[in-house]
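Take a look at the structure below.
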Amino acid sequence: MYAKVIVDIAHSQVDRVFEYSCPENTQAGCRVKVPFGGRVIEGFVIAVSQTPSFAAEKIKPVTSLYDELPALVPECFALMESIAQRYRVPKAASLRLFLPSEMRLGKVNEVFEKRIRLCGDISLIGKAAKKQAEAAQLLSTGDTDFTSLCNKCGRVAVNALIEKGVAEVYKVKRNRTPMSGGGEGFEKRILTPAQKAALDYIERSDKRVQLIHGVTGSGKTEIYLNIIAEQLRRGKTAIFLVPEISLTPQMLSQLRARFGSEAAIMHSGLSAGERFDEWWRLRSGEAKIAIGARSAIFAPLENIGAIIIDEEHDSSYRSETAPRYSTVDIATLRAEYNDCKLILGSATPSVESYIAATEGRYGLVTLTERINGKPMPEIIIADMRKEIKRGNVSNLSRALREELEKTLSSGNQAIIFLNRRGYSQTVICADCGYVAKCENCDVSLTYHSEENCLKCHYCGAKYRMLSACPDCGGKHLRYSGTGTQRVVAEIKELFPSARVIRMDNDTVSGKDGHYKILKSFSEKQADILVGTQMIAKGHDFPSVTLVGILDADMSLHFSDYRSGERTFQLITQVAGRSGRAGSKGKVVLQTYSPENYILRYAISYDYKGFFENEVKMRKAALFPPYSLICRVMVVADKDESALEALKKVYLAIEEIRKSDSDEFIFLNKMHSPIKKIQNKVRYQVLARLKSDKYLKDIYDIAVGASNADALVYVEENPVNLS
Ligand code: ADP
Ligand code: ZN
């Protein structure tokens with residue numbers, strides 16, 4: 001028997017198929033260890049055959065075979081090529097996507113429990129062997145754990161029983177997956193007519209991809225759950241992606257309650273062992289629904305009946321490490337392979353997806369009403385320029401204070417959103433203008449009041465708080481820009497009896513940090529939740545009737561074509577947390593540019609208006625999807641290695657431009673906006689092209705320019721231009 005093997009080295013020089021002889025029970029999809037260049041390394045069997053494809057005596061045997069059940073499903077091999085070609089990575093790198101990292105290199109393995117049972121004639125036990133008789137007696141009531149039996153009756157006696165053939169040990173796989181918690185309180189809901197119509201439409205539509213555009217609280221989740229349940233009834237499996245499941249404990253317990261152990265939930269709070277076991281539960285068919293963030297799109301399921309991507313506009317669906325895939329692209333490939341539907345859902349679909357729907361490439365379902373006809377919360381604009389004129393220099397506008405007071409006195413809850421953690425954005429010397437900066441990164445440091453230190457939000461470095469300016473020795477240090485810690489302090493001063501909790505990267509450390517904070521808030525152990533964009537996503541807190549958005553402007557002023565879209569999405573999502581149950585909700589939106597058209601569309605929940613305007617603008621200015629922005633990043637330890645690679649990339653792309661200048665809207669090379677992160681210098685070539693005609697060439701150029709000293713990679717329509 002012979003195996004075609006891809007060795008687990010993601011390097012273009014060994015990006016080929018190698019052949020080895022292998023044991024009879026080898027199957028495609030198994031992992032093997034093989035001799036390779038003087039070492040033994042891991043590899044993936046992609047096919048087996050009875051006859052070798054070249055001289056048999058030249059073929060080496062595999063060193064060992066890992067899996068009884070192939071770890072990779074057949075679909076992996078079909079997708080391997082497409083992914084490798086699309087993102088220009090070696091085949092090994094695309095196969096790796098399908099295996100959780102803890103499975104590679106034997107880092108984590110299954111755990112087995114050693115158990116013991118009777119298997120022979122008890123009369124073989126001698127009369128004098130009291131302990132043996134006692135052990136046999138215990139076993140006659142049922143199998144037990146080997147170690148605990150030894151503890152009770154002594155290891156000598158237990159071993160004697162085994163030697164006599166009276167008892168035998170066996171192994172069972174132990175599952176580390178925690179299924180405790182959640183699970184209770186699920187009741188089947190009667191679907192609303194709008195939900196029923198949505199399900200019918202999706203079922204009947206012949207389009208591969210379906211977009212559900214439903215306002216926040218319109219019951220999209222219930223639609224997803226019905227789609228999944230229906231696929232299970234048909235004997236199929238399903239993938240359900242959410243941006244960050246650990247941020248939405250309600251969703252978790254709802255899924256557990258509804259699907260029990262049929263759902264494998266992969267969230268960031270799992271240990272490596274737990275993730276490994278969840279993965280095998282899917283692979284073995286014990287679990288049929290894969291639920292998780294971006295990487296769950298590679299779940300080892302066969303016979304998929306539906307793939308669902310909730311909050312499809314979320315930027316976490318783009319991978320930021322190689323291969324830099326878009327989850328929707330991979331999901332489309334899997335949906336085609338399995339001949340099933342891909343359902344995208346959002347209250348604020350990405351402009352790209354909505355264009356696809358209006359052009360008829362995607363099916364479109366629109367839900368305009370909240371469940372039970374609850375009104376959308378009213379959004380009030382607070383003009384912060386006027387506040388300053390009135391002498392209010394705090395971070396809370398008068399309107400927000402008044403609304404907070406009302407909310408607290410009526411026993412309801414409030415959420416305050418601010419997209420910056422820490423106390424202040426920077427520390428500035430009032431005498432000379434010195435700004436405290438990170439030594440490893442080209443960014444300013446954030447002051448954290450609780451630990452009284454300065455932190456770098458890019459590399460995590462901590463510095464002692466300054467007592468004087470290191471440049472001029474001046475003592476007048478100013479805190480500029482507001483972070484969540486400062487807002488909490490201000491609220492506590494204004495409302496001393498209110499219970500305030502904070503949720504951001506500094507407070508959610510630990511395995512279930514998110515969960516604890518959200519749970520205590522949902523149990524009304526706090527009145528006000530202050531947090532970063534973590535609190536914007538999908539939460540359903542019935543008692544929240546007020547949402548304050550402190551810095552809606554911040555994302556507006558980023559110089560990238562998506563800033564308007566991002567601001568619109570953020571406001572709509574955060575506002576959607578208010579007034580989801582009984583009482584009507586309110587939102588106070590603080591801004592320095594109240595006349596901005598994006599804010600105007602957001603406060604009237606006018607997605608269509610926003611969309612049409614955005615499309616007009618992007619068409620006129622030739623921004624994606626009416627063009628393609630390619631950023632080729634060059635990251636290196638030393639300036640000279642970076643510049644050398646940068647020049648190579650630029651000249652090669654320039655060469656293409658010379659031959660077809662019409663295709664190029666823009667081409668430039670420069671420092672990246674953040675010049676250094678973690679002591680690595682960063683440069684970029686930025687190209688805006690009319691189409692993806694030369695995308696593949698640009699990938700090739702990047703691969704060709706990458707070397708041991710400089711990492712070069714391509715980002716398509718990058719989400720983050722820093
Ligand atoms: P979305 O995902 O669109 O934001 P959700 O699915 O969270 O909306 O639904 C909003 C609220 O309405 C939730 O509290 C949910 O439990 C409730 N809900 C959804 N569908 C129904 C239904 N058919 N009957 C009663 N309540 C429902
Ligand atoms: Zn740093």
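Quick note: residue numbers are just sequence positions, from 1. Note that ligands are numbered from 1 as they come in the structure, with each ligand's atoms numbered from 1 the same way.
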Problem - Check: Ile371 N/O within less than 3.5 Å of ligand 1 N/O - result: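 Among all N and O atoms of Ile371, none is under 3.5 Å from an N or O of ligand 1.
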Handout entry: Within-cut-off N or O pair, Gln195 and ligand 1, under 3.5 Å
Key =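 Yes: some nitrogen or oxygen of Gln195 is under 3.5 Å from one in ligand 1.
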Problem - Plane angle bin for His213 and Tyr607 - parallel if under 30°, tilted between 30 and 60°, otherwise perpendicular - result: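 Judged by the thresholds at 30° and 60°, the geometry between Tyr607 and His213 is tilted.
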For residues [X] and [Y], is any side-chain donor paired with an opposing acceptor at under 3.5 Å?
X	Y	answer
Asp442	Tyr458	no
Ser672	Gln684	yes
Thr221	Gln254	no

Practice task
Run the numbers for me: atoms of ligand 1, each under 4.0 Å from some heavy atom of Glu222, listed by number.
Solution key: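 What qualifies from ligand 1 is 6 (O), 20 (N).
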Problem - Those atoms of ligand 1 less than 4.0 Å from some heavy atom in Leu191 - result: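 Going through ligand 1 atom by atom, the ones under 4.0 Å from Leu191 are 23 (N).
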Problem - N, O or S of Cys459 under 2.8 Å from the Zn ion (ligand 2) - result: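 Coordinating: yes.
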Problem - Tyr713 six-ring face occupied by Arg324 cation (under 6.0 Å, within 45°) - result: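 Output yes; distance and angle both within limits.
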Exercise for the section: Answer yes or no: is there an ion pair linking Glu222 with Arg258, defined by an N-O contact shorter than 4.0 Å? Expected result: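 Yes, Glu222 and Arg258 are salt-bridged.
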Counting only heavy atoms closer than 4.0 Å, does ligand 1 sit against the backbone of [X], its side chain, both, or neither?
X	value
Ile190	backbone
Thr221	both
Arg189	side chain

Practice task
Consider ligand 1: state whether an atom of it lies below 4.0 angstrom from any non-hydrogen atom of Ser218.
Solution key: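 A heavy atom of Ser218 does come that close to ligand 1.
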Handout entry: Greater than 12 external heavy atoms within 6.0 Å of Lys524's NZ
Key =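 Counting neighbours around NZ of Lys524, more than 12 heavy atoms of other residues, nucleotides or ligands fall under 6.0 Å, so yes.
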Handout entry: SG (Cys456) to the Zn ion (ligand 2) to SG (Cys438) angle, given to the nearest 10 degrees
Key =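 Between SG of Cys456 and SG of Cys438, the angle at the Zn ion (ligand 2) is about 110°.
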